[in-house]
Number of protein chains: 2
Amino acid sequence: MFSLDQLTAFVAVAEELHFGRAAERLNMTQPPLSRQVQKLERAVGVQLFERDNRRVVLTEAGQAFLGEARRLLALVETAGDLARRVDQGAAGTLRLGFTAVSAIRTLGPFLRRVSDELPEVDVILHERVTSAQIDGLLHGELDLALARPPYDPHLLDSQVVAREPLCAALPADHPLTALDRPLTAADFAAEEVISYDPVRAAYFHELTIRFLAGSQHRITQRVQQVLTVVLLVAAGRGVALVPESARDLGVPGVTFREIALAGEPVELHAIWHRDSANPVLRRVRAMLSEHQ
Amino acid sequence: MFSLDQLTAFVAVAEELHFGRAAERLNMTQPPLSRQVQKLERAVGVQLFERDNRRVVLTEAGQAFLGEARRLLALVETAGDLARRVDQGAAGTLRLGFTAVSAIRTLGPFLRRVSDELPEVDVILHERVTSAQIDGLLHGELDLALARPPYDPHLLDSQVVAREPLCAALPADHPLTALDRPLTAADFAAEEVISYDPVRAAYFHELTIRFLAGSQHRITQRVQQVLTVVLLVAAGRGVALVPESARDLGVPGVTFREIALAGEPVELHAIWHRDSANPVLRRVRAMLSEHQ
DNA sequence: AGAACATGATTCCCGAAAGGTATCACTCGA
DNA sequence: TCGAGTGATACCTTTCGGGAATCATGTTCT
């Protein structure tokens with residue numbers, strides 16, 4: 001097999017049609033250049049130059065080979081580019097988990113920023129509930145998740161990407177919608193409250209429990225997804241606490257009301273595996289912490 | 001810049017994910033293989049493998065580079081093929097000169113044989129009168145000519161590719177068409193004979209002169225092309241001697257008659273420059289002498 | 001816990017290959 | 001016929017790649 005040095009030697013001679021000048025261009029002397037070309041000819045099995053003591057001409061085969069050689073060398077030049085871009089996280093794929101509700105206000109702008117700042121990065125989207133996203137991160141099926149606590153902080157790391165208040169979701173014809181002040185836990189005393197799965201939707205479960213702590217209430221349903229909760233409210237099955245962005249789901253028959261603030265707002269986290277090897281993740285994290 | 005050996009080393013390790021086995025596959029020992037991969041990583045500027053003392057894994061960048069490396073090596077494998085085919089005349093271009101009349105019976109089958117036996121050869125056709133073809137051969141504008149003598153045998157070489165009888169071309173209403181025997185020179189005694197340019201169509205000029213030698217006749221026109229001759233006959237401007245294939249020109253108003261054989265038949269030659277460097281020419285010549 | 005094993009990296013040595021200098025062989029032009 | 005120009009060759013030096021031995025480290029089995 002021939003070597004790349006032999007190819008560059010050949011191309012130089014083919015362009016100069018003069019061994020001396022070609023050698024000068026390659027910063028070497030003429031004899032080793034002649035030998036390299038001879039070796040290449042032996043390796044390919046074809047005479048590439050017709051060399052008279054007076055002039056050098058490409059043979060037909062040499063002309064054909066010149067094209068191949070140039071293509072090959074061009075490919076060599078650019079061979080490392082993609083690898084370097086991938087190494088710096090500027091190219092590659094990001095497997096991103098998200099929940100239906102997180103998507104409403106956060107996913108779109110996030111994807112737009114990625115495609116602006118890292119145009120060679122492909123984002124593969126996986127819609128999953130939070131717990132399934134955490135599993136995905138731990139099993140290496142996802143690189144980044146837009147989800148909510150809790151998660152194992154030894155293995156996973158995170159950053160808050162959005163905060164929003166919790167609010168009450170009421171059927172449109174519910175008496176509480178008439179009140180002109182933030183609702184309190186006491187207002188829910190007589191209500192049937194739709195709440196969340198303590199395991200699969202632990203975050204909203206906690207928030208709901210905390211808000212209602214000490215008041216009378218009945219919890220009738222425990223579901224996983226905010227969307228489901230809103231749909232149940234619309235169906236008149238009770239009232240619920242949801243993140244404010246649930247307004248944007250546009251489910252008819254549901255009215256949202258401010259509540260008397262019960263501690264910190266709802267947080268959406270970007271979560272990743274502490275020792276993910278994906279370089280794109282580094283870049284995306286840097287992008288996230290950059291502004292905000 | 002990296003070397004092809006480094007690429008093959010990298011691909012082997014990437015496929016085995018084990019330096020020892022990869023080294024075995026490459027018929028070498030493990031230490032130099034490790035070094036080659038390290039060098040490649042330095043040359044590309046990217047870490048290609050994540051190597052634990054227990055296992056070897058491709059990095060994201062390594063996976064990207066693996067694709068490039070495979071493409072490059074595949075190209076190297078096939079780089080010489082085209083050059084070798086060109087060298088053996090199995091690929092390339094043949095610039096072929098021909099005359100309108102030679103084309104009728106000879107050119108079609110010839111082109112068909114070339115595209116059957118040398119499918120990678122492109123034939124570029126140049127229709128020229130014989131003398132222009134000879135010039136083309138001498139100036140290196142043509143590789144092969146389908147033409148007729150004379151030519152300079154020091155510089156050009158040839159081979160007969162077709163023989164056919166000379167015959168008489170008469171206006172359809174001419175009295176001689178009534179005769180039921182081969183025509184002789186004497187039959188032309190009273191005729192106006194259309195003949196050929198002594199310089200540019202020397203071959204037919206010679207044949208005509210030789211046939212008519214010693215008889216009475218009047219030569220009224222001297223033209224270069226057989227086709228022109230036949231058109232003049234059709235126009236009633238006289239009679240002429242033409243190769244039999246001129247029948248196939250399909251010019252109306254012309255009748256062809258056998259003549260009393262005056263020596264050898266009309267020959268069509270394939271002519272080439274003695275020191276043409278085009279390898280396709282070698283193959284085509286071999287093809288021509290192969291069967292006939 | 002400790003020993004044996006597995007595996008990639010490192011070190012040192014040797015031989016092959018590449019580059020440099022001097023020279024040869026040949027052609028062309030004066 | 002001689003000198004200039006050009007590619008090939010001979011020979012030497014340097015560089016580079018491969019091999020054997022060894023190291024460092026992590027895993028596994030007793």
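Letters A, B, ... are given to chains in the order of the sequence lines, protein chains preceding strands, and every chain is numbered from 1.
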What integer distance in Å separates [X]:[atom1] from [N]:[atom2]?
X     : N      : atom1 : atom2 : answer
B:R55 : C:dC5  : CZ    : P     : 23 Å
B:L40 : D:dG17 : CG    : P     : 12 Å
B:E24 : D:dG18 : CD    : P     : 17 Å
A:F49 : D:dT6  : CZ    : P     : 16 Å
B:Q47 : C:dG8  : CD    : P     : 14 Å
A:R21 : D:dG5  : CZ    : C1'   : 11 Å
A:E41 : D:dA8  : CD    : C1'   : 13 Å
B:F19 : D:dG18 : CZ    : C1'   : 16 Å

In B/S/- notation (B base, S sugar-phosphate only, - none; protein heavy atoms under 4.0 Å), nucleotides 24-29 of chain D written 5' to 3' is -BSS--
For [range], which residue pairs qualify under side-chain hydrogen bond (donor to acceptor under 3.5 Å, both in side chains), counting only residues two or more places apart or in two chains?
range                       : answer
residues 48-66 of chain B   : B:E41-B:R51
residues 147-156 of chain B : B:Y151-B:S158
residues 71-80 of chain A   : A:E68-A:R71

Listed once per pair and sorted, the salt bridge (charged side-chain N to carboxylate O under 4.0 Å, His left out) pairs that draw on residues 119-129 of chain A, sequence neighbours left out
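Salt bridge (charged side-chain N to carboxylate O under 4.0 Å, His left out) check on residues 119-129 of chain A returns A:R85-A:E120, A:R128-A:E141.
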Which pairs with one or both residues in residues 8-27 of chain A pass salt bridge (charged side-chain N to carboxylate O under 4.0 Å, His left out), sequence neighbours excluded?
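Output for this query lists A:E15-A:R25, A:E15-A:R70, A:E16-A:R21, A:E16-A:R25.
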Report, one pair per line, the protein and nucleotides 19-21 of chain D atoms (nitrogen or oxygen only) whose separation is under 3.5 Å.
| residue | atom | partner | partner atom | Å |
| --- | --- | --- | --- | --- |
| D:dG19 | OP2 | B:T29 | N | 2.8 |
| D:dG19 | OP2 | B:T29 | OG1 | 3.1 |
| D:dG19 | O6 | B:R35 | NH1 | 3.4 |
| D:dG19 | O6 | B:R35 | NH2 | 3.4 |

Under 4.0 angstrom between [X] side-chain N/O and [N] OP1 or OP2:
X     : N      : result
B:Q38 : C:dT10 : yes
B:S34 : C:dA9  : yes
B:R51 : C:dA9  : yes

List the residues meeting salt bridge (Lys or Arg N to Asp or Glu O under 4.0 Å) with B:D81, not counting sequence neighbours, and say none if there are none.
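With neighbours one apart ignored, the set is B:R84.
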Can you list everything that forms a salt bridge (Lys or Arg N to Asp or Glu O under 4.0 Å) with A:R35? Sequence neighbours excluded, please.
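Salt bridge (Lys or Arg N to Asp or Glu O under 4.0 Å) check on A:R35 returns nothing, list empty.
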By the ring-ring contact (aromatic ring centres under 6.0 Å, His included) test, which pairs, at least two apart or in different chains, include something from residues 7-41 of chain B?
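Passing the test, one end in residues 7-41 of chain B: B:F10-B:F49, B:F10-B:F65.
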Tell me which pairs pass ring-ring contact (aromatic ring centres under 6.0 Å, His included) where either residue lies in residues 67-94 of chain A, with sequence neighbours left out.
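Residue pairs passing ring-ring contact (aromatic ring centres under 6.0 Å, His included), neighbours aside: none found.
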Residues from residues 2-17 of chain A lying under 4.0 Å of DNA chain D - heavy atoms
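When residues 2-17 of chain A is checked for heavy atoms under 4.0 Å from DNA chain D, there are no hits whatsoever.
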Are more than 12 heavy atoms from other residues, nucleotides or ligands located less than 6.0 Å from atom CZ of A:R200?
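Count not over threshold, so no.
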Side-chain donor or acceptor of A:R163 paired with backbone N/O of A:E267 under 3.5 Å
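Such a contact is absent between A:R163 side chain and A:E267 backbone.
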